[in-house]
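Working notes for the structure below.
Sequential numbering from 1 along the given sequence is applied to the chain's residues.
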Amino acid sequence: MESVGKKRSRPRRAFTPEFKAEIVELCQRGDRTVRQVARDFDLTETAVRSWVKQAELDAGTRTDGLASDERAELARLRAENRRLQQDVDILKRATAFFARQTR
């Protein structure tokens, strides 16, 4: 009997925006499927599909997600919100500390 083992995960790779744009263009041209493009460039089909989806969102041809600029703004606002929450927590602790000191 063959032993059924876990498939080794490949190391995380980073790709330039130019490379992603080329891959998206190849997929949108229509001569090859997403699966073929992914196989030809040793990419995961899921990654290629997400790049195509993001490109379509950025172009405005899809409306079921956030465009890149909206994603960036959301990330910035979340970071700012996190920082402001930390400031509020510090002020609450300082207020409690000084209230105890005056008693």
Side-chain angles (χ1 to χ4, degrees):
M1 282 195 353
E2 293 180 26
S3 64
V4 178
K6 205 173 191 185
K7 194 175 180 181
R8 278 197 137 156
S9 63
R10 80 168 50 177
R12 189 166 192 88
R13 299 180 291 173
F15 300 100
T16 63
E18 294 81 17
F19 178 77
K20 290 179 183 182
E22 287 180 36
I23 296 298
V24 167
E25 185 182 331
L26 286 172
C27 292
Q28 290 176 337
R29 242 188 252 154
D31 16 330
R32 294 191 276 181
T33 65
V34 171
R35 175 174 280 160
Q36 290 170 329
V37 171
R39 194 176 307 135
D40 290 347
F41 287 90
D42 190 32
L43 302 166
T44 63
E45 192 175 338
T46 305
V48 175
R49 286 190 189 285
S50 70
W51 296 346
V52 170
K53 179 181 178 184
Q54 191 61 53
E56 290 171 350
L57 287 167
D58 291 345
T61 57
R62 284 181 83 139
T63 59
D64 60 336
L66 297 176
S68 293
D69 56 341
E70 293 169 327
R71 278 185 190 278
E73 181 182 13
L74 181 59
R76 183 187 61 78
L77 290 172
R78 284 182 175 164
E80 182 181 354
N81 191 22
R82 193 170 33 255
R83 186 185 55 79
L84 291 171
Q85 281 294 93
Q86 290 171 345
D87 291 350
V88 167
D89 290 342
I90 290 169
L91 290 172
K92 283 181 182 177
R93 286 192 300 250
T95 302
F97 174 78
F98 287 117
R100 282 193 308 266
Q101 293 295 322
T102 58
R103 289 182 184 168

Worksheet item: For R78, which residues count as a salt bridge (Lys or Arg N to Asp or Glu O under 4.0 Å) partner, sequence neighbours excluded?
Response: none

Worksheet, complete the sentence: Sorted by chain and residue number, the salt bridge (Lys or Arg N to Asp or Glu O under 4.0 Å) partners of D69 (sequence neighbours excluded) come out as none

Pairwise ring pair (Phe, Tyr, Trp, His ring centres under 6.0 Å) hits with a residue in [range], at least two apart:
range: residues 65-88; value: none
range: residues 68-103; value: none
range: residues 75-94; value: none

Taking only residues two or more places apart in sequence, or in another chain, which ones meet [X] in a side-chain contact (heavy atoms from CB on, under 4.5 Å)?
X: E80; value: R76, L77, R83, L84
X: R71; value: Q54, L66
X: A21; value: none
X: N81; value: Q85

Worksheet item: Which atom pair, heavy atoms only, marks the closest approach of V37 to I23?
Response: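 Closest approach of V37 to I23, heavy atoms only: CG1-CG2, 3.8 Å.
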
Worksheet item: If you take all heavy atoms of C27 and V52, which pair is closest and at what distance?
Response: CB-CG2, 3.9 Å

Worksheet item: What residues form a side chain to side chain donor-acceptor pair (under 3.5 Å) with R62, not counting sequence neighbours?
Response: E56, D64

Practice prompt. With sequence neighbours excluded, tell me which residues meet ring pair (Phe, Tyr, Trp, His ring centres under 6.0 Å) with F19.
Written response: F15

Check residues 41-49 and write down every donor-acceptor pair under 3.5 Å in which the side-chain atom is one partner and the other belongs to a residue at least two apart or another chain.
residue: D42; atom: OD1; partner: R10; partner atom: NH2; Å: 3.2
residue: T44; atom: OG1; partner: A47; partner atom: N; Å: 3.2
residue: E45; atom: OE1; partner: R35; partner atom: NE; Å: 3.2
residue: E45; atom: OE2; partner: R49; partner atom: NE; Å: 3.3
residue: E45; atom: OE2; partner: R49; partner atom: NH2; Å: 2.7

